[in-house]
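Working notes, beginning with the structure itself.
Order of appearance sets the numbers: ligands from 1, and atoms from 1 within every ligand. Every value quoted in this text rests on a predicted model; they were computed, and no experiment measured them.
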Amino acid sequence: MVPIQRMEAVAADITGLKVDAIVNAANSRLIRGGGVDGAIHRAAGPELQEELNGIGGCPTGQAVITKSYRLPAKRIIHTVGPVWQGGQSGEAEELASCYRTSLALAVEHGLKSVAFPAISTGIYGYPLEAATQIAVGAVAEILGKEKRIERVVFCCFGDEALKTYQRALASLK
Ligand code: AR6
């Protein structure tokens, strides 16, 4: 059975969410950028970049974890989504891998509620509809096997994203 009761879409600024972990859409050098990454750095404070400098980098499709500093969430998981190049360069598999590796890190650290932004759909240009199918599909598959994650929140920035996620979640029922 699809674990739909453990997945929800909300319209929010992810920096304000009080969950065990929020996920950041980072870049492979782990250097503060724009979009949700910029917002998370702004809200967390300068210590976040210092910790990331010590980690040094993260390949596309992988994830790393840091403290959350001034954020209400307990930890930040930073994952690196693919840059959209037309869809024939392995982007779908890399994007699914972001969700898998982020949730695997959450399990490893005993984090039970995780909020994701729509990774890659901003500056990295991944079409929202296709990215949403991958996000919802990958998370549903993981939750079906992994009972230690109690709740996944898809944090939507704006109405279009919220509607797209709500449709994708409804189609799982
Ligand atoms: N809360 C939730 N979602 C947000 C927020 C927020 N505060 N701000 C933006 N979004 P993007 P990417 C949404 O561009 O495409 C950075 O420079 C946004 O509407 O943040 O993975 C990094 O350093 C979109 O739906 O990330 C990388 O270089 C989603 O978050 C690069 O951007 C992702 O958009 C990563 O690009």
Closest to [atom] (judged by heavy-atom distance), picking from [options]:
atom                    : options               : result
atom 29 (C) of ligand 1 : A118, S120, A12, C98  : A118
atom 22 (C) of ligand 1 : A11, C155, A25, G16   : A25
atom 15 (O) of ligand 1 : C156, G122, P82, A131 : G122

**Study point:** Flag if over 12 foreign heavy atoms under 6.0 Å of CD, E141
**Key:** no
Check your understanding: Should the heavy atoms of other residues, nucleotides or ligands under 6.0 Å from CD of E160 be counted, would the total exceed 12?
Key -> no
Check your understanding: What do the steps show when you test K67 against E47 for salt bridge (charged side-chain N to carboxylate O under 4.0 Å, His left out), and what is the final call?
Key -> CA-CA 9 Å; K67 294 182 201 158; E47 300 92 339; over 6 Å; no
Quick check for you: to the nearest 0.5 Å, what is the distance between [X] atom [atom1] and [Y] atom [atom2]?
X    : Y    : atom1 : atom2 : answer
F116 : F154 : CZ    : CZ    : 7.0 Å
Q133 : S171 : CD    : OG    : 5.5 Å
H109 : K74  : NE2   : NZ    : 13.5 Å
E51  : Y69  : CD    : OH    : 3.5 Å

State if [X] counts as touching ligand 1 under the rule of any non-hydrogen atom under 4.0 Å.
X    : answer
G81  : no
T15  : no
A161 : no

If you have a sec, work out which protein heavy atom is nearest [atom] and how many Å separate them, to one decimal?
atom                    : value
atom 1 (N) of ligand 1  : I14 N, 3.0 Å
atom 4 (C) of ligand 1  : F157 CG, 3.4 Å
atom 28 (O) of ligand 1 : Y124 OH, 3.3 Å
atom 16 (C) of ligand 1 : G34 O, 3.4 Å
atom 25 (O) of ligand 1 : T121 OG1, 2.8 Å
atom 32 (O) of ligand 1 : I123 CD1, 3.3 Å

Treating [X] as the side-chain partner and [Y] as the backbone partner, does any N or O pair qualify as donor plus acceptor under 3.5 Å?
X   : Y    : value
S89 : Q85  : no
E91 : Y126 : no
Q49 : L30  : yes

Is any N or O atom of [X], backbone or side chain, closer than 3.5 Å to an N or O atom of ligand 1?
X    : result
I119 : no
V36  : yes
R32  : no

Which atoms of ligand 1 sit under 4.0 Å from any heavy atom of [X]?
X   : result
D37 : 22 (C), 23 (O)
D13 : 1 (N), 6 (C), 7 (N)
G33 : 17 (O), 23 (O)

Exercise for review: Would you kindly specify which portion of A39 sits under 4.0 Å from ligand 1, judged on non-hydrogen atoms: side chain, backbone, both or neither?
Suggested key: side chain
Practice item. Decide yes or no for Q62 and S97: does some side-chain heavy atom of the first lie under 4.5 Å from some side-chain heavy atom of the second? Key: yes
**Study point:** side chain to side chain contact (heavy atoms under 4.5 Å, CB included) partner of V114, chosen from L103, D20, V153, V139
**Key:** L103
